[in-house]
Protein chains: 2
Amino acid sequence: MGERNIKALQECGIRVTPQRAHVWGVLAESGGHFTAEEIWERAGALLPGLELSTVYRSLEALGDAGLVAESRLPEGPRVFEARSSSHPHLVCVVCGGISHPDADDIGRRLLETLNAASEGFEVSEMHVAGRGVCARCAADG
Amino acid sequence: MGERNIKALQECGIRVTPQRAHVWGVLAESGGHFTAEEIWERAGALLPGLELSTVYRSLEALGDAGLVAESRLPEGPRVFEARSSSHPHLVCVVCGGISHPDADDIGRRLLETLNAASEGFEVSEMHVAGRGVCARCAADG
DNA sequence: CTTATTGCAAAAAATTTGCAGGTAA
DNA sequence: TTACCTGCAAATTTTTTGCAATAAG
């Protein structure tokens, strides 16, 4: 499901297989964050017989191709998402939801801030996870 | 080994055992970052028979007491360290070494930066890991 | 004394790997 | 055709848990 998804893989120069296309489809069409197991469940619903190990291998290939980014949050297994730019993750300690800051230049700002404070160490990439309370949970009380 | 270490545990109000004292000793006396297994090896050298599961349980107790902080770096198992203030980690992609930025207010600065960009989400705690090249490896060429 | 902690063993959770057959380019 | 990818099975790695014995306060 997704001419567009297949095209994205082709353009990256990686071999296109149904498994990879569906793994990518889950991430690209939802825009959300998923563990390998969640991706496996969703993609597997459309592609019976899909193995979890294949999902891991697909995610690695997609990551190498630059389409997918992975994050390690303060708790739980790794999560994967369609790569946009490098950005922080906000994990709500109440509902567990994962979101992103509004400002889309925040990644660059944080990188500049960190680099300025790290004399002698050239930071090229940053992994940021904030823990706190999201607006909805704060409103609920 | 370490009246001082034992005192630190007592002051936190947690039960003092040789196991906890040695686990804490490894972190407090070195100031470095260690995986649970590394702590187990070091503490176990001084306390034969120490179990890895006990190290994990000790780390949890020390963490709850506020003495120890844990981090999840972009790769590898969790690392633990004596807690100072919340600060970023810098992982060198060449030598694998873990260090901290020079500026000691960087943790607060990053938190303010992130909070300002996250309207509606109250960030209380931040996990930051930068990847790049440390000064030594940059110099080596 | 009373409750928390440990060692031991086993399990759970997360991820990786070897290999033989199948498939994309 | 030819190298790469997949399913399948099994192994690794990292972390957690149950339980009886032990030790801390």
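Labels below follow one simple rule: chain letters A, B, ... track the order of the sequence lines, proteins then strands, and each chain is numbered from 1.
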Between N or O atoms, less than 3.5 Å apart, protein on one side and nucleotides 9-12 of chain D on the other: list the pairs.
none

| said: Is there a side chain to side chain contact (heavy atoms under 4.5 Å, CB included) between Leu67(B) and Leu9(B)? Walk through the geometry before answering. | reply: CA-CA 8 Å; Leu67(B) 285 175; Leu9(B) 301 203; 3.5 Å; yes

| query | Can you get from Phe121(A) to Leu110(B) by hopping between Ile, Leu, Val, Met, Phe, Trp and Tyr side chains that sit under 4.5 Å apart? | reply | yes

| message | Go nucleotide by nucleotide along DNA chain D from the 5' end; which of Leu47(A) and Glu37(B) gets its closest nucleotide reached first? | response | Leu47(A)

| task | State whether the side chain of Thr35(B) and the backbone N or O of Glu38(B) hold a donor-acceptor pair below 3.5 Å, judged by distance alone. | result | yes

| message | Quick one: does any side-chain atom of Asn115(B) pair with a main-chain N or O of Val123(B) as donor and acceptor, under 3.5 Å? | response | yes

| said: Here's a test of your reading of the structure: between Ala36(B) and Pro48(A), which maps to the more 5' nucleotide of DNA chain D? | reply: Pro48(A)

| Residue list, side-chain contact (heavy atoms from CB on, under 4.5 Å) with Val68(B), at least two apart or on another chain | Trp24(B), Leu27(B), Leu59(B), Leu62(B), Phe80(B)

| query | Hey, mind stepping through Leu90(A) and Glu122(B) against side chain to side chain contact (heavy atoms under 4.5 Å, CB included) and telling me if it holds? | reply | CA-CA 9 Å; Leu90(A) 301 173; Glu122(B) 179 64 25; over 6 Å; no

| note | First and last nt of DNA chain C near chain A, cut-off under 4.0 Å to heavy atoms, 5' to 3', are dA14(C) to dA25(C)

| said: Which residues pass the side-chain contact (heavy atoms from CB on, under 4.5 Å) test with Ser84(B), not counting sequence neighbours? | reply: His87(B)

| task | Please test Gln19(A) against Leu47(A) for side chain to side chain contact (heavy atoms under 4.5 Å, CB included), starting from the C-alpha separation and ending with a verdict. | result | CA-CA 8 Å; Gln19(A) 291 82 355; Leu47(A) 191 65; 3.9 Å; yes

| message | Under 4.0 Å, heavy atom to any atom of DNA chain C: which of residues 68-79 of chain B qualify? | response | none

| task | Mind grabbing the angle between the end helix axes of the helix from dC1(C)-dG25(D) to dA25(C)-dT1(D)? Five pairs an end, 10° rounding. | result | 50°

| task | For residues 131-141 of chain A, pull every pair meeting side-chain hydrogen bond (donor to acceptor under 3.5 Å, both in side chains), keeping only residues two or more places apart or in separate chains. | result | Arg131(A)-Glu125(B)

| remark: When rounded to whole Å, the CG to P distance for the pair Asp64(A) and dC4(D) reads 14 Å

Could you go through nucleotides 23-25 of chain D and list every protein N or O atom that sits under 3.5 Å from one of its N or O atoms, giving the distance for each pair?
{"from": "dA24(D)", "atom 1": "O3'", "to": "Val16(B)", "atom 2": "O", "distance (Å)": "3.3"}
{"from": "dG25(D)", "atom 1": "OP1", "to": "Val16(B)", "atom 2": "N", "distance (Å)": "3.0"}

Residues 92-108 of chain A, side-chain donor-acceptor partners within the protein, below 3.5 Å, at least two apart:
{"from": "His100(A)", "atom 1": "ND1", "to": "Pro88(A)", "atom 2": "O", "distance (Å)": "3.1"}
{"from": "His100(A)", "atom 1": "NE2", "to": "His33(A)", "atom 2": "NE2", "distance (Å)": "3.2"}
{"from": "His100(A)", "atom 1": "NE2", "to": "Glu81(A)", "atom 2": "OE1", "distance (Å)": "3.4"}
{"from": "Asp102(A)", "atom 1": "OD2", "to": "Glu119(B)", "atom 2": "N", "distance (Å)": "3.2"}
{"from": "Asp105(A)", "atom 1": "OD1", "to": "Arg109(A)", "atom 2": "NH1", "distance (Å)": "3.1"}
{"from": "Asp105(A)", "atom 1": "OD2", "to": "Arg109(A)", "atom 2": "NH1", "distance (Å)": "3.3"}

| Under the side-chain hydrogen bond (donor to acceptor under 3.5 Å, both in side chains) rule, what pairs show up with a residue in residues 47-66 of chain B, not counting sequence neighbours? | none

| Between Thr54(B) and Phe80(A), who's closer to the 5' end of DNA chain C by nearest nucleotide? | Thr54(B)

| said: Rounded to whole Å, how long is the line connecting atom CG of Leu50(A) with atom C1' of dC8(D)? | reply: 13 Å

Please tabulate, one pair per line, all N/O donor-acceptor pairs under 3.5 Å involving side-chain atoms of residues 70-77 of chain B, not counting sequence neighbours.
{"from": "Glu70(B)", "atom 1": "OE1", "to": "Arg78(B)", "atom 2": "NH1", "distance (Å)": "3.3"}
{"from": "Glu70(B)", "atom 1": "OE2", "to": "Arg78(B)", "atom 2": "NH1", "distance (Å)": "3.1"}
{"from": "Ser71(B)", "atom 1": "OG", "to": "His89(B)", "atom 2": "ND1", "distance (Å)": "3.4"}
{"from": "Ser71(B)", "atom 1": "OG", "to": "His89(B)", "atom 2": "NE2", "distance (Å)": "3.4"}
{"from": "Arg72(B)", "atom 1": "NH1", "to": "Leu73(A)", "atom 2": "O", "distance (Å)": "3.1"}
{"from": "Arg72(B)", "atom 1": "NH1", "to": "Gly76(A)", "atom 2": "O", "distance (Å)": "2.5"}
{"from": "Arg72(B)", "atom 1": "NH2", "to": "Gly76(A)", "atom 2": "O", "distance (Å)": "3.3"}

| task | Specify the separation, in whole Å, of atom CG of Leu59(A) and atom P of dT6(D). | result | 11 Å

| said: Is there a path of hydrophobic side-chain contacts, each under 4.5 Å between heavy atoms of I/L/V/M/F/W/Y residues, joining Ile6(B) to Val23(B)? | reply: yes

| query | At under 4.0 Å, does any side-chain N or O of Tyr56(B) touch on OP1 or OP2 of dT16(D)? | reply | no

| Which residues share a side-chain contact (heavy atoms from CB on, under 4.5 Å) with Ala65(A), sequence neighbours left out | Cys12(A), Ile14(A)

| message | Quick check: do Leu114(B) and Met126(B) have side-chain heavy atoms less than 4.5 Å from each other? | response | yes

| task | Pick base, sugar-phosphate or nothing for Leu52(A), based on heavy-atom distances below 4.0 Å to the nucleic acid. | result | base

| query | Is a donor on one side and an acceptor on the other found under 3.5 Å between the side chain of Thr17(B) and the backbone of Arg20(B)? | reply | yes

